[in-house]
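Here is the structure we will look at, set down as C-alpha cells.
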Amino acid sequence: VMLDFTNDIAARLEKLFPDMLIQTFAYEYTEEAPPPGTIAPRKNVMIHLAQLGGEYYGVTKVQRDSLRNLDHPNNRGALEEILSWGRFGTPLKMWDYWVLYDQRCNFPYTVIPALAPNIRKYAANNVCRIFAESEVLMGSRLVMLRNFVDLTNYLGAKLMVNPDLDEEAVIADFMECYYGPAAKSMAELLLYLEEAMKSEPANIGKVGIGVRYLTPEFFAETEKLLAAAEKTAQNDPSILERIGQERIPFDEAALDLQAKLSLPIDRKAVVERYRANFRKAFERYASPGYAEKYSKDLEQHLELIGKRVDIPERFANKRVFDFPVFTLLKSEYPSCTIIDDPQAAGGKAVKLGSSSKTDAEFHSKNLQFGVYSPAAKKFHLSQTVQRDAIFKDENYHWYYIGRTSLMNDSLIWVHWSWRLGLKCAGTVYNPVLPDAEYGIWLSIKLEGDAYAPGSKNENAVIVDRIIITKE
C-alpha cells in the first residue's frame with residue numbers, strides 16, 4: 001500500500017520535476033520488499049531501507065547484527081532483504097547503524113571491520129546513498145561512546161566517497177596521524193578487539209554486555225595495550241586524551257563485571273579515571289551549552305556504575321535493566337528518605353518510615369505497589385501482598401509486581417500511600433516498541449513491629465533496587 005501510494009505521487013511529480021527522486025522508507029512494517037511480479041518502485045522512487053539491530057528484536061522479522069559483515073551468518077536475512085530491493089534496479093538508500101542502542105552500559109565493541117565490506121556490498125546492489133547513525137551523545141544517554149568512534153566516522157566517510165579504497169591503508173594513516181608515537185599500541189588494541197568479537201556467535205546488539213569475549217584475560221590484555229599506548233605517548237596531552245577516551249568502554253564494563261569476573265581493579269581509582277575521561281569526551285562532542293547538562297547526567301551515571309552489583313542468578317538469560325533505587329526517588333515527603341544501609345545493593349536505599357498519621361495506621365495495611373503513567377492517567381497494574389505472605393525477617397527480598405507495558409513517564413509506586421515513587425521507565429521505554437511488556441521486580445526490606453512482630457526497629461518499607469526485565 002505504501003509503495004503504491006508513493007508510486008502514484010512519483011508519477012504525478014515526474015511530469016513537473018523529471019530529475020527528482022521521491023524517497024520512501026522501507027522500515028519496520030514496510031521493510032520487506034514486495035514479491036516479484038506484484039509491484040515495483042517506479043524509476044524515480046528511491047527506497048530508504050533501515051534495518052534495526054538485534055537490540056530491537058521483536059520489532060521486525062529481520063534483526064540485523066549491526067556490527068557484523070553482511071556475509072556473517074547472523075545477517076543472512078538482512079542481506080537477502082537488501083538483495084530483494086536491489087533486484088528492482090531502482091535507486092536504493094541505506095540507513096545504517098554504526099552504534100548499539102538500548103544497552104545497560106558502555107562496553108568494548110567496534111563496527112570498523114564491517115564498514116568496507118558492507119559499503120562495497122551496498123554499491124554492488126544499487127545503493128546510491130548512505131545515511132549512518134553514529135552518535136556519541138544523545139539526550140541523557142551516556143551509553144553510546146564506543147571504541148574508536150572517530151576512526152569509525154573517518155573511515156566510513158572516506159569509503160562512502162570511494163568504496164574501493166584500501167581500508168587498511170586508511171586505518172594505518174589515521175592511527176599514525178591521530179595517535180602519533182602511540183599508533184602501534186592503539187592499532188594492536190583495535191586488532192585485539194576485532195579478534196575477540198569473533199568469539200561471540202550471537203547477535204551482539206541483543207546480547208549486550210553479556211558477550212562472551214569479556215573475560216578476565218580480555219581485560220588484562222587490553223589494559224596492557226592501553227598502558228603501553230600511554231607510556232609511548234610522550235606526555236602529549238592531546239594524544240593522552242584520545243587514549244583516555246578509548247578507556248571509557250573498557251572501564252565501565254570492568255566496573256559492571258568486576259564481581260562476576262573477580263577483576264583485580266581498584267574500583268575507586270577506575271571510577272575517577274572514568275569521570276575524568278568522560279568529562280573530556282563530552283567537552284569535545286557536546287553541542288555548545290550542553291556541557292553542564294552532561295556533567296549532571298555523568299554524575300548520576302557514576303552513581304549507578306560506581307555502586308553496581310551483580311545481577312542475581314534468577315535473572316540469568318533475561319534482558320535486564322537494573323536500577324539502584326536511591327537514584328530514582330521522586331518524593332517530597334519527609335518520611336521518605338535516602339539512607340545508608342550496608343545490606344542494600346550499593347550501600348544505599350530509600351526508606352519510607354513514619355508519617356503525619358499514626359505510625360500504626362500508616363503501616364497496618366497490606367503491602368501494595370504498582371505502575372502508573374501521569375500524562376495518560378493510566379494505571380498499568382497494581383499488586384497487593386497480603387500480610388501473611390510478606391517476609392518478616394527484616395532482610396531484602398524480591399517482590400514481583402507483574403508484567404506490563406510502560407510509557408515514558410511511568411511511575412513505580414510502593415506503599416498504599418504512594419509516598420514512595422520511583423521513576424525509571426524513561427530509560428527502559430522504547431517508542432519503537434510502545435506495546436512491549438516488561439517484568440518488574442522490587443527488592444524490599446520490611447522493618448518494625450508492624451511487619452516483623454517483636455521488632456524494636458522503626459516501622460518502615462525500605463527499597464534498594466528495581467530490576468526490569470525484557471524476556
Side-chain angles (χ1 to χ4, degrees), residues 56 58-59 102 104 139-140 300 312 314-315 318-338 345 349-357 359 361-391 396-446 450-451 459-471:
Y56 294 109
V59 180
D102 204 20
R104 188 173 88 237
S140 60
Q300 185 176 31
R314 69 166 65 199
F315 301 111
K318 295 181 179 179
R319 187 71 175 277
V320 169
F321 301 88
D322 182 19
F323 302 95
V325 165
F326 71 91
T327 66
L328 309 172
L329 179 63
K330 303 294 178 185
S331 177
E332 300 176 355
Y333 296 99
S335 57
C336 196
T337 57
I338 296 173
V350 173
K351 176 182 177 180
L352 180 63
S354 59
S355 73
S356 57
K357 299 183 179 183
D359 192 50
E361 180 184 351
F362 194 65
H363 289 283
S364 64
K365 298 184 180 182
N366 291 324
L367 184 62
Q368 298 177 39
F369 26 62
V371 181
Y372 175 73
S373 294
K377 297 182 178 179
K378 179 177 180 179
F379 289 86
H380 293 268
L381 60 81
S382 62
Q383 182 73 267
T384 299
V385 180
Q386 301 298 322
R387 305 292 292 191
D388 59 359
I390 63 174
F391 293 94
Y396 286 100
H397 295 277
W398 287 103
Y399 290 83
Y400 181 54
I401 294 183
R403 289 183 61 81
T404 181
S405 60
L406 296 171
M407 302 180 80
N408 194 48
D409 66 335
S410 293
L411 176 78
I412 298 174
W413 55 270
V414 181
H415 194 260
W416 63 267
S417 67
W418 286 41
R419 292 192 176 187
L420 204 167
L422 307 163
K423 294 197 75 171
C424 57
T427 304
V428 178
Y429 172 73
N430 183 349
V432 176
L433 295 168
D435 299 321
E437 291 195 340
Y438 304 87
I440 301 178
W441 299 74
L442 298 171
S443 175
I444 298 176
K445 177 168 65 172
L446 302 172
Y451 301 106
N459 288 332
V461 176
I462 305 172
V463 188
D464 72 330
R465 198 174 184 185
I466 295 176
I467 281 185
I468 300 178
T469 63
K470 181 181 178 184
E471 300 179 19

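Computed from a prediction, not measured in an experiment: that's the story for all the values here. Computed over heavy atoms, backbone and side chain alike; hydrogens, waters and symmetry mates excluded.
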Who pairs with Leu381 by side chain to side chain contact (heavy atoms under 4.5 Å, CB included), at least two apart in sequence or on another chain? Val371, Ile401, Thr404
Sorted by chain and number, sequence neighbours left out, side chain to side chain donor-acceptor pair (under 3.5 Å) with Tyr451 holds for His363
Not counting sequence neighbours, which residues clear side chain to side chain donor-acceptor pair (under 3.5 Å) with Tyr396? List them please. Asp341
Closest approach of Leu422 to Ile466 (non-hydrogen atoms, all atoms of both residues): CD1-CD1, 3.5 Å
Value for CZ (Phe321) from OG1 (Thr469), rounded to nearest 0.5 Å, stands at 9.5 Å
Please verify the inter-ring angle class for Tyr372 with Phe379; under 30° counts as parallel, over 60° as perpendicular, anything in between as tilted. tilted
Is there side-chain contact between Phe369 and Ile440, with at least one heavy-atom pair below 4.5 Å? no
Looking just at side-chain N and O atoms, do Asp464 and Ser443 make a donor-acceptor pair shorter than 3.5 Å? yes
Asp435 side chain reached by Ser405 side chain, heavy atoms, under 4.5 Å: no
Restricting to side chain to side chain contact (heavy atoms under 4.5 Å, CB included), what partner residues turn up for Ser382, sequence neighbours left out? Trp413
Quick one: side chain to side chain contact (heavy atoms under 4.5 Å, CB included) partners of Pro312, sequence neighbours excluded? Arg314, Phe315, Trp398, Arg465, Ile467
Considering non-hydrogen atoms only, spot the tightest contact between Ser410 and Ser373 and give its length. OG-OG, 2.7 Å
Backbone of Leu406 reached by a side-chain donor or acceptor of His380 within 3.5 Å: no
Atom CG in Leu352, atom CZ in Phe362: separation rounded to 0.5 Å? 4.5 Å
So CG of Asn366 and CD of Gln386: to nearest 0.5 Å the spacing works out to 4.0 Å
Mind listing the closest non-hydrogen atom pair of Lys378 and Met407 along with its distance? CD-SD, 4.3 Å
Do Leu367 and Thr384 have side chains that get closer than 4.5 Å, going by heavy atoms? no
If you take all heavy atoms of Ala349 and Ile462, which pair is closest and at what distance? CB-CG2, 3.6 Å
